[in-house]
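Just so we're on the same page: letters track the sequence lines, and every chain starts at 1.
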Amino acid sequence: MYKKSMINQISVTSDIFLNLLYVILSAICIVPILLVLVISFTDEHEIIMNGYSFLPERFSTEAYKFVLSAGEGILNAYGVSIFTAVVGTVLSVSVITLYAYPLSRSNFKYKKLFSFLAFFTMIFGGGLVPWYMVYSQLFRIRNTIWILIFPYLMNAWFVMIMRTFIKTSVPESLIESAKIDGASEFRTFFSIVLPLLKPGIATIGLLSCLGYWNDWYLPLVFLTERKLYNIQYLMYQTLSNIQFLTSGSANFSELGMVLADLPGESARMAVAVVSIGPIIFAYGFFQKYFIKGLTIGAIKG
Amino acid sequence: MKTKMTMVARILVSVLCLALLLTGCGKTVTPSASDSATPKASDSATPQESSENKPLENVKITFYCVGDSQDMTHIEEAVNEYLKDTLNITLEYECFGWGDTYTPKINPMLAAGEPIDIVFTSNWAANYRVNAVNGYFRELNDFLAKYPAIESVTGKDFLNATQINGKNYALPCNKEQAHNWGFLLKKDLVQEFGIDLKSIKSLEDLEPYFDKVLAEKPGITPLLAVQMDSPWHLLDWNTFSDDDVPGALYNDNRDTKVINQFLAPESIAQYKQMRDYFKKKYIHPDAATQDNFSAEMSTGKYFAFVAPMKPGKAVEMSAQTGIEWEEVFITPIVMSNREADGAMLAIPIGSKNPERAFQFIELLYTDAKLKNLMNYGVENRDYKFIGENRIEIIPNSGYASSGGWRFGDNFKDYLMAGEAENKAELWREYNKAGLPLINLGFVFDATNVANEVAACKDVVQTYYKQLFTGSVDPDPVVKEMEAAFKTAGADLVIAEMQKQFDEWLITNKK
């Protein structure tokens, strides 16, 4: 017993070194977020005069008042973001799992064709305008909530991950035995295979949830209806407006008027804080499966 | 053996697929643009004739513009009500932010031929020349001939400056038609030092005051230089492309030889002067990393700033920054593509009612009430009159104007507090004083040297901030930059500009 634990023991110096390394790495990740949080609570005038600081002289909740009063738009965008993240994740995980499962079965006749179809999209795309036209003129879902969900439903890369995961974690003999016991294909999938896939589904779910939550590109290209803007796009728009208007690249008259109305530094940070809010909980929710998912594939292979 | 055969077959199949795909792309993309262009253009001719005498039936006009994205339903309603008995339209008016968010939204819509009636276009958002050449905008010469009001407002020259091969595809906003550069000086210091603004003719004239600021006003930096908004602008190179692409003429029309403005003797002399200033502490030690001139100006910690000029600039900047400024004109007033292509409205080819759209645009030039409604919002809700033709914005009304320079006749806008009574007059004089640059109307087509242009931009982005603010010793850095330009292919870019410009000069008989 004693000997066995010795094998995995590391020397004191490397222990300290490794711990220190991870303390530093975590600090690099956490400190900027902390700074954003502090700035969002800092008095606007102080930021202009003294710059950013971890210990501001004057605290202020003005920024959050601004966020709530500019209110409707932001709250509405919040709702859109949550809806797309939840519905999008559920739909996309279903599509990906249902696509990956047959591909993982060695007795599926058209395996190669369907693998190729998925794989092909990873390398070649149709280009922006044809892509746009498919959604706007063929499917006619531009300016609907579905445009924020459909384009990311199928992800070839996730299908590949899922397929490999099913292959390694669900033995073919298990499926055979289910068949011998008289289970139909659907029953085999839902009662036998699916429960074994929890870690894989959690991994794909987390990634696709993050993808939906962080997306600003679909609203950028497809939406002209302000009611459907999501929180990330509102943020992107605000930041890019500020960058454009303050960079001096626009030498136009009357820009001054616009500049005077721009939200301040602290308001921008407040929006950033608000927008990372719920997604942080998603990590906690998925984490236990996530770690399992990472290790499981490696050993059982 | 069998596996080898399948391998070969696989490779062959994939190559074939690729070939099919590539040819497929090449063929489908181009005609789809022009296909959708031609039939729709002829379709649009029909309502033109029918709309002569009968009362007009109500049509929907979609108008997409740059500007802050906000709820404008009440403006749409007011416009619809105002035009009910005349143009009878249902306006759908949306703004999609500025350059970075507007362009990626509009360009696919234009390419896909979506039924939009009016779009904002310019040289910096939803690129006018590119979209017009691609055939996404309707040619407007027939309408201009039928409805001459716009031409009488802007003047023929200004309208012609936006033509492509003799055809108008967009209507420029009637605003400043020229530009120049000068200083904004902090007003309280100007008064304290008793500076005679007329005596300031160049950067050197300010040096004694810079010393005075350093000696008497601790905490205040004499000269603010942020990125390109630095004394660099006083050279006012007549550039052929973006500000960070090499290739320019002198701004006094002395010759037609294209040079690399970043390596010109005048520029190098200025880098040295800036280095000198930097050492003398005229410039902030962190100048090379500052990026927001507006925020810096608001701190009140600077004495002088180089800014684009126009009548009333100081008033505007004072309102913006909360610090009082005085303006001094330095460079000569010139008329360049920058102004003509700066803000325009075009009618996309997908528009179902191009004539009604054009009539609506015309009203933005001729009907002051409509123009101000579109710009400032509804009276007593978004703004109120504080004098004849002078208004005050009502704060937090839910709508804030994004600027009257975006469309129509800018001189019809109501005046804001602090603006000169004779603003329009001053502007007309300013416009008249502008020297038309020799390359006015010429547009460089970068397709042949796209990679070189991108590489040159990288070079400029790497070096300009340090050089323009004097943060580094210019001698070794300029040598380094020169070498980097060589590898990037700056010579090719300039040769291509020269070639295209010479051809343009011949065809335009200048």
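- Of the two parts of B:Asp71, the backbone and the side chain both hold a non-hydrogen atom closer than 4.5 Å to a non-hydrogen atom of chain A.
- Taking OH of B:Tyr102 as the reference point, atom CD of A:Gln237 lies at 13.0 Å (rounded to 0.5 Å).
- A 4.5 Å side-chain heavy-atom check between B:Glu114 and A:Gln137 finds at least one atom pair inside the cut-off.
- When all heavy atoms of A:Leu220 and B:Thr101 are compared, the pair lying nearest together is CD1-O, 3.5 Å.
- The two atoms that bring B:Lys105 and A:Pro219 nearest to each other are NZ-O, 2.8 Å, heavy atoms only.
- Interface check for chain A: of the options B:Glu92, B:Glu296, B:Glu94, the most heavy-atom pairs under 4.5 Å are formed by B:Glu94.
- Looking at B:Tyr64, the atoms closer than 4.5 Å to chain A (heavy atoms on both sides) all sit in the side chain, from C-beta outward.
- Here A:Asp43 pairs with A:Arg58 under the salt bridge (Lys or Arg N to Asp or Glu O under 4.0 Å) rule; sequence neighbours left out.
- If you measure heavy-atom distances from A:Tyr217 to chain B, you find no contacts under 4.5 Å at all.
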All N/O donor-acceptor pairs, side-chain side in residues 119-134 of chain A, below 3.5 Å, sequence neighbours left out:
| from | atom 1 | to | atom 2 | distance (Å) |
| --- | --- | --- | --- | --- |
| A:Thr121 | OG1 | A:Ala118 | O | 2.6 |
| A:Tyr132 | OH | A:Arg142 | NE | 3.4 |

Inset, instruction - Apply side chain to side chain contact (heavy atoms under 4.5 Å, CB included) to A:Thr224 and B:Met109, showing your working. - result: CA-CA 10 Å; A:Thr224 55; B:Met109 282 198 244; 3.3 Å; yes
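- Looking at A:Tyr229, only its side chain comes within 4.5 Å of chain B, counting heavy atoms on both sides.
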